[in-house]
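All chains are named by letter (A, B, ...) in the order of the sequence lines, taking the proteins before the strands, and each is independently numbered beginning at 1. The figures here come from the full heavy-atom set of this structure, side chains too, leaving out hydrogens, waters and symmetry mates.
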2 protein chains.
Amino acid sequence: MATTESGGRAETGFTVSRPARADARRNFDALLDAAREVFAAEGAGASLEGIARRAGVNIATLYRNFPTRQHLFEAVYLDEVEALARMAADLDSLEPWDALESWLRQFVSYATTKKALYDAIAHRAEMFVTGREMIHAAGRPLLERAQSAGRARADVSFDDVLFLVNGVSGANFVQEAQQDRVLAMALDGIKARK
Amino acid sequence: MATTESGGRAETGFTVSRPARADARRNFDALLDAAREVFAAEGAGASLEGIARRAGVNIATLYRNFPTRQHLFEAVYLDEVEALARMAADLDSLEPWDALESWLRQFVSYATTKKALYDAIAHRAEMFVTGREMIHAAGRPLLERAQSAGRARADVSFDDVLFLVNGVSGANFVQEAQQDRVLAMALDGIKARK
DNA sequence: CGAGAAACGAAGGGGGTCCTGCGCTAAAGT
DNA sequence: ACTTTAGCGCAGGACCCCCTTCGTTTCTCG
């Protein structure tokens, strides 16, 4: 239940550090878990009071740990974004297009379960600068490699691709199959035409 | 200022009819105009009180004319959707793919200035059943024609295409040029591969 | 085990939204 | 011109949210 108890979370200079006292640490983790769920369901604008309630903690405790909505948001999503970034590294062995495609697929499957991630990208939230940079750092090389190999169209930027693929995550599909079909179209649009 | 004074609005059996008394009619139109602007800017969840304020009318008057948010929403967007539907008819003369493409382009340019339209489609709002049907009735034939001509890929439904293209409208692009590039990718994804 | 400090929750101020009841105003119709 | 009545705004109840203050609880460490 508690967030994969890592010794301490990444140093971004922004994220708050995990508190030392036992009760405080318990609440901190409960808040992080609750926030993850609520942000995922309702998007980046979700009610902080709702998050505190779900964590079984007073709103004041939330504010004590995360002075602003941004702090909480980044604390929650940095893990996910890091995972996305790390994954990009494991893709070097694949053929250029396959690497790009599979990373983008992962990206969508992340973003659809996490409406907040979609929001952050779609609305260019400043709250998300750190995460945005990490995603760029991870994904752009993949696109550029595919472009150099002539597999991805050369006239688009990584941002363009990200927007297109992120758009696919915005709708709430009824069947999984539909999302696959739509994503397939998007990917075809990114591919270089023969 | 008043909404293109049509004799009476379309009969959907849902939209409220324009009131008979002069003052009432004035307020009705002001509300519709305000709603159009506010929905466009803030999306389908915009504050009704804000709309009433902008119309220079009391919130009670809004409720008197439009008992629910849905009533107001449909009253506002039916016109737009009708325009989109009408346009599809004028496209018969074009080559199958060109007809589809230009309709989809129009669709995007509508949806981007009207966040509420995007919302309605992305979230499958039940509030939007009528409009949704009209859009389908207008656009599906265009897709099917392009598919029959072998110009659009055959393995997708109209819904799929709509979601993909609508996704492009979701992000708020900083430059117009970027939106063009992203839309171009989406359209390429819809085209049949040679 | 017993301070002292750290963290907690209750509560409340300020603001916003949705929606309704009610007495008054001003348009319609004779 | 005068009555009728449709339509109006005011004001307020019932929520919900953001954020802060403050007295109390509970952990930690000597």
Side-chain angles (χ1 to χ4, degrees), chain A residues 2-3 5 8 15-35 37-39 41-76 115-116 119 125-127, chain B residues 2-3 5 8 15-35 37-39 41-76 115-116 119 125-127:
Chain A
T3 114
E5 303 290 348
T15 314
V16 212
S17 52
R18 204 139 160 277
R21 230 175 86 168
D23 52 350
R25 204 159 43 225
R26 209 162 33 234
N27 287 347
F28 181 90
D29 290 341
L31 278 168
L32 231 39
D33 288 343
E37 293 168 27
V38 175
F39 277 147
E42 300 176 25
S47 151
L48 297 185
E49 232 147 44
I51 291 174
R53 255 195 313 275
R54 185 189 200 94
V57 147
N58 191 275
I59 180 69
T61 298
L62 185 153
Y63 277 99
R64 240 185 318 272
N65 280 289
F66 308 98
T68 74
R69 176 179 232 95
Q70 283 82 338
H71 281 82
L72 180 53
F73 189 90
E74 294 225 355
V76 165
K115 188 164 179 310
D119 286 355
E126 322 81 33
M127 129 175 23
Chain B
T3 115
E5 301 292 347
T15 314
V16 212
S17 51
R18 206 139 159 278
R21 230 175 87 166
D23 53 350
R25 204 160 41 227
R26 209 161 34 233
N27 288 344
F28 180 90
D29 290 341
L31 278 168
L32 230 39
D33 288 342
E37 293 168 27
V38 174
F39 277 149
E42 302 176 23
S47 150
L48 297 185
E49 234 148 48
I51 291 174
R53 254 194 316 274
R54 184 188 201 94
V57 148
N58 192 273
I59 180 70
T61 299
L62 185 154
Y63 278 100
R64 222 168 283 124
N65 280 290
F66 308 97
T68 74
R69 174 179 232 97
Q70 282 82 340
H71 281 82
L72 180 54
F73 188 90
E74 294 225 353
V76 164
K115 188 164 178 314
D119 287 354
E126 321 79 33
M127 126 174 27

Could you tell me whether the side chain of B:Arg69 and the main chain of B:Gly45 form a donor-acceptor pair under 3.5 Å? yes
Partners of B:Phe73 by side chain to side chain contact (heavy atoms under 4.5 Å, CB included), sequence neighbours excluded? B:Phe39, B:Ala44, B:Tyr77, B:Ala116, B:Ala120, B:Met127, B:Phe128
Check whether any side-chain N or O of B:Asn27 sits under 4.0 Å from OP1 or OP2 of D:dG7, and answer yes or no. no
With sequence neighbours left out, the residues meeting side chain to side chain contact (heavy atoms under 4.5 Å, CB included) with A:Glu37 are A:Arg54
Taking all heavy atoms of A:Leu31 and all of A:Ala52, pick out the closest pair and write down the distance. CD2-CA, 4.1 Å
Review item, nucleotides 22-26 of chain D N/O atoms under 3.5 Å of protein N/O:
{"residue": "D:dT26", "atom": "O2", "partner": "A:Arg21", "partner atom": "NH2", "Å": "3.3"}

Can you tell me how far P of D:dC15 sits from CD of A:Glu49, to the nearest Å? 15 Å
Minimum heavy-atom distance between B:Ser17 and B:Phe28, given as atom pair plus value: O-CE1, 4.2 Å
Residue of the set A:Leu72, A:Ile51, A:Asn65 for which side-chain contact (heavy atoms from CB on, under 4.5 Å) holds with A:Leu32: A:Leu72
To the closest 0.5 Å, what do you measure between CG (A:Asn58) and CZ (A:Arg64)? 7.5 Å
Going by the side-chain hydrogen bond (donor to acceptor under 3.5 Å, both in side chains) test, name the single residue among B:Arg21, B:Arg25, B:Arg26 that passes it with B:Asp23. B:Arg21
Give me the residues of residues 50-63 of chain A where at least one heavy atom lies under 4.0 Å from an atom of DNA chain C, by number, or none. A:Asn58, A:Ala60, A:Thr61
Return the minimal non-hydrogen interatomic distance between A:Ala30 and A:Ala55, and the atom names on each side. O-CB, 3.7 Å
In terms of the nearest nucleotide of DNA chain D, which residue is placed more toward the 5' end: A:Ala20 or A:Gly45? A:Gly45
Under a criterion of less than 4.0 angstrom to any heavy atom of chain A, what are the 5'-terminal and 3'-terminal contacting nucleotides of DNA chain C? C:dA6 to C:dA10
Taking for each residue the nucleotide of DNA chain C bearing the nearest heavy atom, is the 5' side occupied by B:Arg26 or by B:Arg69? B:Arg69
Please report the interatomic distance NE2(A:His71) to CG(A:Leu62), rounded to the nearest 0.5 Å. 12.0 Å
Distance check needed: D:dC19 P versus A:Phe66 CZ, whole Å only. 15 Å
Please identify each residue that fulfils side chain to side chain contact (heavy atoms under 4.5 Å, CB included) with B:Arg53, with sequence neighbours left out. B:Glu49
